[in-house]
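These notes are about the structure you will find just below.
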Amino acid sequence: ENGDSLWYPDWFPENGSFGQRGPWCLLTLPVPEHDSLYKLIDNRYDSLRFASMCYSDLQITEGNLKLLTKDVKFSQVNPEFGGVAACKHGNGRDWWVIFTEANTNCFYKYLLTPDTFMFHSVQCIGRLVDIDDACEDVFSPDGSKLLRTSYYGASDVFDFDRCSGMLSNFLPLDTFHVIDTASGSLADAINSGEFSPNNRFLYLNSGYFVLQYDLLAANVNASKDTVGQIDYFIDTVAQNSNYYVFYLAQTAPDGKIYVGPAFGQRFFSTIDNPNGKGDSCQFKLRSVVVPKWIDLTIPYSPNYRLGPLIGSACDTVYSDIKPIYAQTPWLKVYPNPATDMVRVDYNWVEWEKIANCELQIMNGLGQVVMQQTVPRYSTRQDVSVKELASGVYTVSLQSSSTFGGHVAVLAVCKLVKE
């Protein structure tokens with residue numbers, strides 16, 4: 001309701017329309033301490049091709065979506081294409097919203113609280129982003145780092161203070177010496193980046209290549225490793241004359257990183273173990289096939305499951321309203337009974353209180369027949385049980401506490417293997 005003309009599908013004003021500019025130009029945030037209110041924040045062109053930051057207020061009541069306010073411009077600066085990101089405040093309740101001003105190295109910061117959406121500060125740090133560059137801002141899962149990529153320009157990583165909102169320890173990334181062997185040219189167009197769930201590794205997509213950086217290395221740039229590259233595949237089924245190249249990337253609920261395509265394709269590539277160094281990250285080219293063309297994807301999603309920064313000066317806010325994912329504390333396995341594959345759903349885990357988490361399957365004798373590490377901030381895992389004998393099994397999540405180090409059983413359920 002009231003959602004008409006919120007934006008237009010064609011983001012080129014010279015073609016006679018205006019509106020959204022790209023897949024990473026909008027995000028939706030739950031309003032803190034409200035279980036039905038959301039803030040839609042977007043970066044769009046107006047009819048004069050001037051970019052602006054706007055928000056709309058949404059309400060969900062018994063499954064019905066309604067826009068309460070629409071297209072409220074909250075900033076007068078010209079934002080860079082695509083550069084808007086969000087991260088949970090260190091208090092575990094509020095949200096930081098950050099975007100880059102075009103043709104500058106300046107970050108504008110806003111706070112979403114239970115009562116207001118307000119300007120906080122502006123900070124100019126790092127290298128200049130040219131006005132013709134596309135730009136993405138990406139937070140690490142734990143919110144401790146911010147990556148800014150730009151298409152043909154500077155890609156930098158910063159430390160981020162979730163309490164004060166300050167950026168520091170600017171690190172310029174070396175992205176300009178990867179050679180496309182087919183053409184002999186530099187493959188330096190950085191389309192996007194994503195962090196591993198354990199926050200150690202950073203992945204950059206250059207169209208031709210997927211690069212990995214070890215953020216714990218003494219020399220981060222020297223740790224750069226090419227973990228994936230295109231094979232110049234052309235999809236004849238889709239009758240597409242463009243070969244498959246990499247575009248935007250996003251960590252999914254299963255802890256894997258999915259790399260979307262450009263130029264209209266039917267495939268995603270995946271990084272199945274993004275916490276692994278080098279080839280152990282298990283990059284798989286075109287591993288997911290979808291039924292229709294997709295382009296310039298994946299949409300941007302912040303880490304909604306990030307909790308308070310425990311032990312920090314700003315960990316002082318307590319709320320009686322739990323996030324939606326934590327309101328039904330169960331562990332679910334389906335299908336059950338199972339034959340070949342099961343999905344283990346654990347979307348209620350409060351990750352800020354967890355150091356390490358493992359999924360275990362035990363037989364009727366109490367013997368562990370299957371065990372695997374669960375990626376941080378994930379919510380589900382697909383597990384093959386094809387090799388298990390028929391019978392009743394116990395599925396459990398086990399973890400060591402962030403502070404105590406002792407092993408704790410988080411949840412238990414039964415699985416029947418036919």
What is the distance from atom NZ of K73 to atom SG of C54, rounded to the nearest 0.5 Å? 6.5 Å

Establish, for the pair K224 and Y213, whether the NZ or CZ atom is under 6.0 angstrom from the six-membered ring centre and no further than 45 degrees off its axis. no

Could you check, using the six-membered ring where one of them is a Trp, whether F195 and F201 have ring centers closer than 6.0 angstrom? no

Within 45° of the axis and under 6.0 Å from the centre of the six-membered ring of F233, does NZ or CZ of R286 qualify? yes

Using the ring-ring contact (aromatic ring centres under 6.0 Å, His included) rule, pick out the option among Y110, W95, W96 that qualifies with H120. W96

Is N105 reaching over with its side chain to a backbone N or O of R127, donor-acceptor style, under 3.5 angstrom? no

S144: partners by side-chain hydrogen bond (donor to acceptor under 3.5 Å, both in side chains), with sequence neighbours left out: D142

Polar side-chain atom of S196 near backbone of N275 as donor-acceptor pair, under 3.5 Å: no

N303 side chain near F139 side chain, heavy-atom distance below 4.5 Å: no

Taking side chain as C-beta onward, heavy atoms only, is I271 less than 4.5 Å from Q282? no

What I'd like to find out is whether the side chain of D94 reaches to under 4.5 Å of the side chain of V317, using heavy atoms alone. no

Counting heavy atoms not belonging to K277, are there more than 12 under 6.0 Å from its NZ? yes

Going through the distances and angles, do L397 and V349 end up as a side chain to side chain contact (heavy atoms under 4.5 Å, CB included)? CA-CA 10 Å; L397 281 182; V349 174; 4.1 Å; yes

Decide whether K414 and T394 meet the rule of one side-chain donor and one side-chain acceptor closer than 3.5 Å. yes

Mark yes when over 12 heavy atoms from residues, nucleotides or ligands other than K284 sit less than 6.0 Å from its NZ; otherwise mark no. no

Partner set under salt bridge (charged side-chain N to carboxylate O under 4.0 Å, His left out) for D382, not counting sequence neighbours: R343

Side chains of N205 and L248, heavy atoms from C-beta outward: is any pair under 4.5 Å? no

Is there a side-chain contact between F268 and I298 (heavy atoms, below 4.5 Å)? yes

What is the ring orientation for F119 with Y108, classed by angle as parallel under 30°, tilted 30 to 60°, or perpendicular over 60°? tilted

Is there side-chain contact between C281 and Q212, with heavy atoms separated by less than 4.5 Å? yes

Starting at CG of D225, measure out to CG of D279 and round the result to the nearest 0.5 Å. 6.5 Å

Trace of the side chain to side chain donor-acceptor pair (under 3.5 Å) decision for Q371 with Q360: CA-CA 5 Å; Q371 181 173 307; Q360 289 189 356; 3.0 Å; yes

Would you mind reporting whether Y232 and Y208 have side-chain heavy atoms less than 4.5 Å apart? yes

For the atom pair OG (S52) and CZ (F74), what is the distance rounded to the nearest 0.5 Å? 9.0 Å

Side chains of T69 and D57: any donor to acceptor distance under 3.5 Å? yes

Would a line drawn from the ring center of F107 to the ring center of F160 be shorter than 6.0 Å? no

Please check if the distance between the ring centroids of Y244 and F246 is under 6.0 Å. yes

Under 4.5 Å between any side-chain heavy atoms of V288 and Y258, yes or no? yes

Shortest non-hydrogen contact between D71 and S56, atoms and distance: N-OG, 3.0 Å

Report yes or no: does K88 contribute a side-chain atom to a donor-acceptor pair with the main-chain N or O of L306 at less than 3.5 Å? yes

Residues in disulfide (SG to SG under 2.5 Å) with C106, at least two apart? C124

